[in-house]
K.L.:
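Here it is, the structure, as structure tokens.
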There are 2 protein chains.
Amino acid sequence: MAAAPHRGSPPDSTLEVFGDAVAAAAARHLALSPAASMQELAEAAGVSRATLFRRFPSRAALVAELCEAAAEAFARAVEEAAPADGPPPQALARVLDALGRLAAVVGLLGLQPLQEHVEASLLARTAATEEALRDLVRRGQESGDFRVEVDPEWVLTMLTWLLVGAADGVRLGRLTAGSAQRHLAATLTAALHRPGGPPRHP
Amino acid sequence: MAAAPHRGSPPDSTLEVFGDAVAAAAARHLALSPAASMQELAEAAGVSRATLFRRFPSRAALVAELCEAAAEAFARAVEEAAPADGPPPQALARVLDALGRLAAVVGLLGLQPLQEHVEASLLARTAATEEALRDLVRRGQESGDFRVEVDPEWVLTMLTWLLVGAADGVRLGRLTAGSAQRHLAATLTAALHRPGGPPRHP
DNA sequence: CTCGCGTGAGACTTAAACGTCTCAGATGAG
DNA sequence: CTCATCTGAGACGTTTAAGTCTCACGCGAG
């Protein structure tokens with residue numbers, strides 16, 4: 001009987017990422033339990049299995065749609081943080097702040113086993129975003145703010161997997177969302193910033 | 001647990017972790033493809049499905065055994081690095097060196113979806129190891145070598161997931177095993193070490 | 001040569017999940 | 001009131017992979 005419990009103000013940021021409540025609930029459950037069946041996902045979303053199939057033609061389509069929404073959110077967050085603008089340290093801070101808030105939402109979806117072509121499509125969607133982040137790293141290295149010995153590729157790896165780790169730590173109750181976000185930012189900052197002094201512009 | 005067929009000189013470090021060649025091959029394939037069927041795993045190991053079932057009574061048993069071997073290797077590597085001995089910076093370096101070499105072997109197995117009780121058993125096995133690592137962090141903080149604002153819990157999270165990330169980066173061809181290991185160590189070191197000066201012992 | 005052991009091949013049963021379909025009840029608009 | 005629509009419940013067929021079993025082959029030991 002509980003179709004759409006629209007109450008006062010849903011503090012749930014997954015909603016705005018995944019569009020509707022069913023998708024959001026399914027995403028949450030799928031993140032905790034990657035092998036969940038359509039039955040389980042329907043229960044988690046509070047609808048019947050039939051309704052879930054009406055909304056998503058197949059399980060693969062469901063997973064693909066959720067992962068694409070997550071990738072989209074990731075890409076938009078980075079874009080809005082404008083990594084190409086202003087001094088690299090500040091740009092990095094903006095990016096980390098934006099991504100930290102996404103951890104709980106999209107982190108664990110990164111673990112989802114995907115079909116080949118879906119994974120390729122996701123990589124294609126985020127390729128430009130990743131390149132923008134690599135550019136930021138290189139820009140900071142040229143300006144003297146960031147360590148030159150850090151591979152931009154490793155920065156992407158850190159970003160991706162520490163996001164997942166933050167989400168997992170929160171899931172296991174080992175970290176709070178706030179502390180995870182702070183530690184994520186602090187770690188990336190420490191890894192990138194040169195220990196000595198910031199810039200020198202000859 | 002069958003006997004180990006010791007032949008000439010296997011250059012494959014997965015062998016010594018997983019005991020026999022069948023288990024090692026299955027582990028490698030399972031890491032790349034977490035949803036692989038017994039058919040696929042048998043082919044990857046170069047044996048028939050029947051033989052795979054003779055070696056492992058069920059798929060769950062296979063996954064459990066591989067993950068337990070990985071956890072065992074992780075725990076042993078940390079123990080042998082003696083995190084409680086000597087100055088914290090050196091102890092940390094030993095631990096990171098040992099774990100970096102394990103990345104390719106055990107990293108991706110951490111992603112495996114496990115049954116509840118198996119996961120619990122793994123966590124129980126590694127609890128002491130994790131506590132030893134937390135102790136190392138705290139010891140370094142008390143000695144003034146490490147930043148006090150870093151949560152030991154976050155260090156474990158970083159360690160775990162950057163290990164996975166390193167393995168994944170190598171799998172995707174984005175990083176080489178050597179560079180991944182170096183970056184892993186550099187990142188943890190940068191995240192932990194105090195930027196100013198090492199110790200002060202009043 | 002012959003025995004015994006392990007392996008590969010493949011048939012078979014079972015279990016679980018996917019995906020389709022139908023039908024009855026609830027709800028809201030006109 | 002009536003109709004259109006959406007939903008839940010559940011039956012149903014299909015597929016896929018797990019797990020079991022049998023049998024024939026190869027190979028080394030005695």
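In what follows, chains carry the letters A, B, and so on, assigned in the order in which the sequence lines appear, proteins first and then strands, with residues in each chain numbered from 1.
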K.L.:
Between A/Thr51 and D/dG8, does any side-chain N or O lie under 4.0 Å from OP1 or OP2?
P.N.:
yes

K.L.:
Provide, to the nearest angstrom, the distance between the CZ atom belonging to B/Phe53 and the C1' atom belonging to C/dG6.
P.N.:
18 Å

K.L.:
Distance check needed: D/dG19 P versus B/Gln39 CD, whole Å only.
P.N.:
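To the nearest whole Å, that distance equals 14 Å.
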
K.L.:
If you check the A/Ala50 side chain, which of D/dG8, D/dC21, D/dA17 turns out closest?
P.N.:
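For the A/Ala50 side chain, the nearest candidate turns out to be D/dG8.
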
K.L.:
So if I take every side-chain heavy atom of A/Arg59 and compare against C/dC18, C/dA9, D/dG19, which nucleotide ends up nearest?
P.N.:
C/dC18

K.L.:
Are side-chain N/O atoms of B/Ser179 and B/Thr176 paired as donor and acceptor at under 3.5 Å?
P.N.:
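Side chains of B/Ser179 and B/Thr176: pair found under 3.5 Å.
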
K.L.:
Take B/Val47 and A/Ala60, find for each the nucleotide of DNA chain C with the closest heavy atom, and name the residue whose nucleotide sits nearer the 5' end.
P.N.:
B/Val47

K.L.:
Using whole Å, what does the distance between atom C1' of nucleotide D/dA17 and atom CZ of B/Arg49 come to?
P.N.:
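For the pair B/Arg49 CZ and D/dA17 C1', the rounded distance is 8 Å.
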
K.L.:
Select one nucleotide: of D/dT22, C/dC18, D/dA9, the one nearest the side-chain heavy atoms of B/Arg54.
P.N.:
D/dT22

K.L.:
Is there a donor-acceptor contact under 3.5 Å linking the side chains of A/Glu119 and A/Gln115?
P.N.:
no

K.L.:
Return whichever of A/Leu52 or B/Ser58 has its heavy-atom-nearest nucleotide of DNA chain D closer to the 5' end.
P.N.:
A/Leu52

K.L.:
Using whole Å, report how far CZ of B/Phe56 lies from P of C/dT7.
P.N.:
13 Å

K.L.:
Whole angstrom is fine here: how far is it from CE in B/Met38 over to P in D/dT20?
P.N.:
10 Å

K.L.:
Could you check whether A/Asp145 pairs with A/Arg139 (Lys NZ or Arg NE/NH1/NH2 to Asp/Glu carboxylate O, under 4.0 Å)?
P.N.:
no

K.L.:
Before accepting this row, confirm whether a basic side-chain N of the pair A/Glu130/A/Arg125 lies closer than 4.0 Å to the acidic partner's carboxylate O.
P.N.:
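A/Arg125 and A/Glu130: not salt-bridged.
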
K.L.:
Between A/Leu41 (CG) and D/dG8 (C1'), how many Å, whole number?
P.N.:
17 Å

